Each structure stands twice: as C-alpha cells, then as structure tokens.
Amino acid sequence: MHGLILKTLQVFLQDTYGTEIWARIAAAADLTAPGFEAMLNYPEEVFFRVLDAAGAVLNKPREAILEDVGTYLVSHPNSEGLRRLLRFGGVDFIEFLHSLDDLPDRARLVVADLVLPDLELRDLAQNRFHLRITGQLPGFGFALVGLLQAMADDYGALALLDLQEAGRDGQVIEITIVEAAYAEGRDFELAAAPAGGQA
Amino acid sequence: MSCFPDRMLHQICPMHAVLTPTGHIRQAGPTLHKIAPTPLAGARFLEIFDVYRPRAVDSMAQLLQTEGRKLHLRLRGGIRTPLKGILVSDGQGGAVINLSFGIAVVDAVRDYALTSTDFAPTDLAVEMLYLVEAKSAAMDASRSLNTRLQGAMVAAEERAYTDTLTGLRNRRALDVALDRLCRAGQPFALMHIDLDFFKQVNDTMGHAAGDQVLRTAARIMAEETRKDDIAARVGGDEFVIVFDALTSRTRLRDLAARMIARIEEPVAHDDRSCRISASIGIAISESEQPDAAQMLETADIALYAAKRAGRARFRFFSPDMLETSDTPALPAARA
C-alpha cells in the first residue's frame, strides 16, 4: 500500500488526537518505526493494524475514523495544500463533483504510483447524483464521504451523502444537494499566495 | 473575411485584441482588460504592448508582417508581465491578436488575482497551476524523505563496525565483542598495541605514507589472528586484539614477538622506506567474570610499561606494575 495513505492516517491521528495517543496507537499496532514515509510502500495489512488499533484506543468504529480522515484532508490547516488541489477541480460544488471523474488521473499526475479507485459521476435528477466507486482500496469509500462532505462545506453548499455497497468491488455514494449556495464557503484564490488586486 | 461576430471572441479568447488598420484596439477580451494598466479601448496596441521578438516591430505594417509567427510581448506599464501571442490579419488591414501568459501564468495569477473564470475552459492554465502546486508538494515530501534518509545514513555509519582505513574492526565493534566475551565468562587475552615512531613517519613523509604504514600493520595483525579473534583499530595508531579462548603465555609471547618483528620490516613508499615498530601490553583474563573495562585498563598499563622499557617490546600485565608504573624497573620480556 502506498505510504501516502498510511502517512495520511498517521498525521490525521496525530493532528486530531495528539502525539501521545498516536504513540499508543502505534504501539498497539506493533509498528517498528515511529511513523510512515509518504514516499515508500508498506504491506496492506499494516493499514488494517493501525486502523484496528486506532478504533480500540479511541473507542470509535473504523468507518467513523475513516470518514474523519476525509474531513481532515479538506478542513485541517495542515492539509491546506490538498484542499487547494481539490478546489482546482471547479468553481462550485457541482462542477467539483463533475471533476471527480478525473481525480484518479490527477492524483497519478502528482504521485505516479498512487492508484485510486475509478470514480464515475452520474446525474440522477436536478441536484441528485450517484458517485460510483470501482476498485480495491480499503476504506476509500468512507474517507471519500468525509472528504465530499467537507468540500460541500468548503464551497458553501448543503449536501446529503449516503454510502451504499454496490456489487463485489464497488460502492455508490448517493449525493443530494439541498442548496448549492447555503453558506458563504471558504475563500479560494488560484494563486497560492494572497494577491493584492481585486478578486 | 470575418464570418463570425467579433463578440464571440470574448468567451473563447478572453485575452484577445481586435485591431483597426491604424493599429488601434477596437475590442479586447475581459482578461486583457483586467491586466492592462491603462484603458485599452481606442489605445494604440503598440503603445500598451512592447513586442520584443521578433525585433523591430514598431508599426501596424510591421505587426501585420508577423502573421502566423509566435510573438513575445510584454506590457509597457505596470508589472510588465511577459506574454505570448499570435496575430491573424482580417484581410482588410486590421487584425486579431490572441495572447497568453505562457510559463508566466503562475506569477500572473498572483499579480492580477485571476480566477478560473478569467481563463477559457479550454485553456490549460488552471491545470498548469494545479500541477505546479502538486509538484511542489511532492518535491517537498521527497526532499524531506531524502533529508531523513541522509540522517539515517550518517547514523548508520556511526553504528558501523568497521574502521574504513584499515578494514579492521573499530572501537564500537570491539566494545560489543568484549562485552559478549565477558558475559559468556570465556577466558581470553587482550593485546593493546601502539605503533612506535608512527608520528615521525606521518610528520616527515606525509599522511599517505602514514596511512600505508597503518594498513600494513593492520594487515599483519589480521594475518596473525584467527577467525574468532577481534583485531580493532581504536585510535590513530592504537590497536587492540582480543584472542578468544587463548590464555597461553607462551603462545601470546610468540605472537607478540612475531608481530613486532613483522611490523619492523620497512614499508616502501614512493622510493623511500618507512620504518616503525610497535609496543604491546598484554592482559589475560583471570576471573570467571572478567570486566571489559578492567581488561582494557590492565593491557594499557602493560603497554605503558613496554613503552617505558624502551619501546619495540611487549609486556604482560603484572600486579606490581600498579605500584611501580612510573619506573621502567621491570625486566625486559622481549623474546
């Protein structure tokens, strides 16, 4: 499994619960090194060991932890870089949803050996979508629900998300946008550094 | 010639300018308006933009001659952002020029606070910004990994067990091996060897000669020891040899004498010969539970006695050395 995924889980746990809790989780998961390297690869079972240990230490279901990871990736200041990369996908939440088809390819452009499941968005009706996830990446569906929910907040949209199993290696996230411009949303400027001129 | 209304250009080419036959701007795209330091409508194109490649484009006639070629321009006022462009003549003396930021897009987006709507959806500018940021993040991660790996390499080198100059074991390896022997309670002998006259060789013939002498001495020690013995270089010209399960004074005497004799053989270096010798102090483990530090110390005392006795000789440790360590009173033990 790509180190980036394990590193994400690690920094989420560290930033959210503190280094002491992370140390307890790492010990419970029987990790040899104190942390993961984003640029290296690890056996997949390590991911499950860390996730199980986190569930036990935090007394929280694994699904909830994974969803929180997705939310963390968008909303925590330490992962601002990723939020920006996601915001490049569109000017509003619906355009962003349509950019998700390209997400695995965009990810590969950045990290060549990071293989994400295929994503396919289908319009069901006005403001209702099905996002189909096809591929094997443990926990990806739950993390994606958390990430999409946080992105909806980021754009100021009010959206309801529901994850369902669909077939052998597939899942579907049902997305209902209750209101596209529900709240103000967070700023996003194309330039990484804040600019002086008019927006 | 124009079959489409000019206003269609606003959406497809937000950085275009439509020029009259006199070289004045009749229409400009919204993004071009946004970055221009002065109003564009009715202004002379070449007064707002400086075409610096191809050279010598100072009039509308010269501008029209660049048709189809890649133009390098920059704004004359404001931030002087460099631009790329292409001109197409309208066949009636006027022309359309389309501009782009090229590689300067990263700076331009920041300088003019541009948003995605300032670019045509077909423009790859936003994808390029995405890649620039993503690449920076990936490079940062890669650089931080490299830094940590370099730190780990330095740490690993410090933990290494080999003396890189001579190929013998180093001080760390010796400590580990001594600890193991002492804990096992196995009898062993320890020689502390110090090269005599090494400093003179180093000072008068240079470090290269000194290194060669060290390597030669090390090779002799490696040859005179068995597989389970430990020969280590523990200082500049100091060595320690641990003889596993060997406590016979006769054999140790033979070994020490032979090593000194061999080390005294001249070493050729650049047509000159280097002559050194060695002093050796020998300690033999006595108790069931020998102490590593004490073994090293007693060998050191014996070495000191050998030095005091005139160098180029060996001494076994004896308890009376503790009282008379200041005087070279011990009988020579050289074979």
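Note on naming: letters A, B, ... go to the chains in the order of the sequence lines (proteins, then strands), and numbering restarts at 1 for each one. Please read all numbers here as calculations on a predicted model, not as lab measurements.
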Quick check: closest heavy atoms across A/Leu190 and B/Glu133, and the distance to 0.1 Å?
O-OE2, 3.8 Å
Select one option (side chain, backbone, both, neither) describing which atoms of B/Leu129 are under 4.5 Å from chain A's heavy atoms.
both
Flag if over 12 foreign heavy atoms under 6.0 Å of CZ, B/Arg169:
no
Crowding at CG, A/Asp105 (>12 non-hydrogen neighbours, <6.0 Å):
yes
For B/Ala137, is it the side chain, the backbone, both or neither that has a heavy atom under 4.5 Å from a heavy atom of chain A?
neither
Mind listing the closest non-hydrogen atom pair of A/Val110 and B/Ala134 along with its distance?
CG2-CB, 3.1 Å
Given that the side chain runs from C-beta out, which part of A/Arg87 has a heavy atom under 4.5 Å from chain B: side chain, backbone, both or neither?
neither
Note, A/Phe188 side chain near B/Thr115 side chain (heavy atom, < 4.5 Å)
no
For A/Tyr182, does the OH atom have more than 12 heavy-atom neighbours from other residues, nucleotides or ligands under 6.0 Å away?
no
The reported gap from CZ in B/Arg110 to CD in A/Glu189 (rounded to nearest 0.5 angstrom) is 12.0 Å
Below 4.5 Å from any heavy atom of chain B, which atoms of A/Ala112 appear? Answer side chain, backbone, both or neither.
neither
CD1 of B/Ile103: more than 12 outside heavy atoms within 6.0 angstrom?
no
Using a cut-off of 6.0 Å, state whether more than 12 heavy atoms not belonging to B/Gln11 lie near its atom CD.
no
Would you compute the distance between atom CG of B/Leu149 and atom CE of A/Met39 and round it to the nearest 0.5 angstrom?
11.0 Å
Measure distances from A/Val91 to the heavy atoms of chain B and classify the residue's part below 4.5 Å as side chain, backbone, both or neither.
side chain
Within a reach of under 6.0 Å around CZ of B/Arg69, are more than 12 heavy atoms found that belong to other residues, nucleotides or ligands?
no
Considering residues, nucleotides and ligands other than A/Glu45, do more than 12 of their heavy atoms fall under 6.0 Å from its CD?
yes
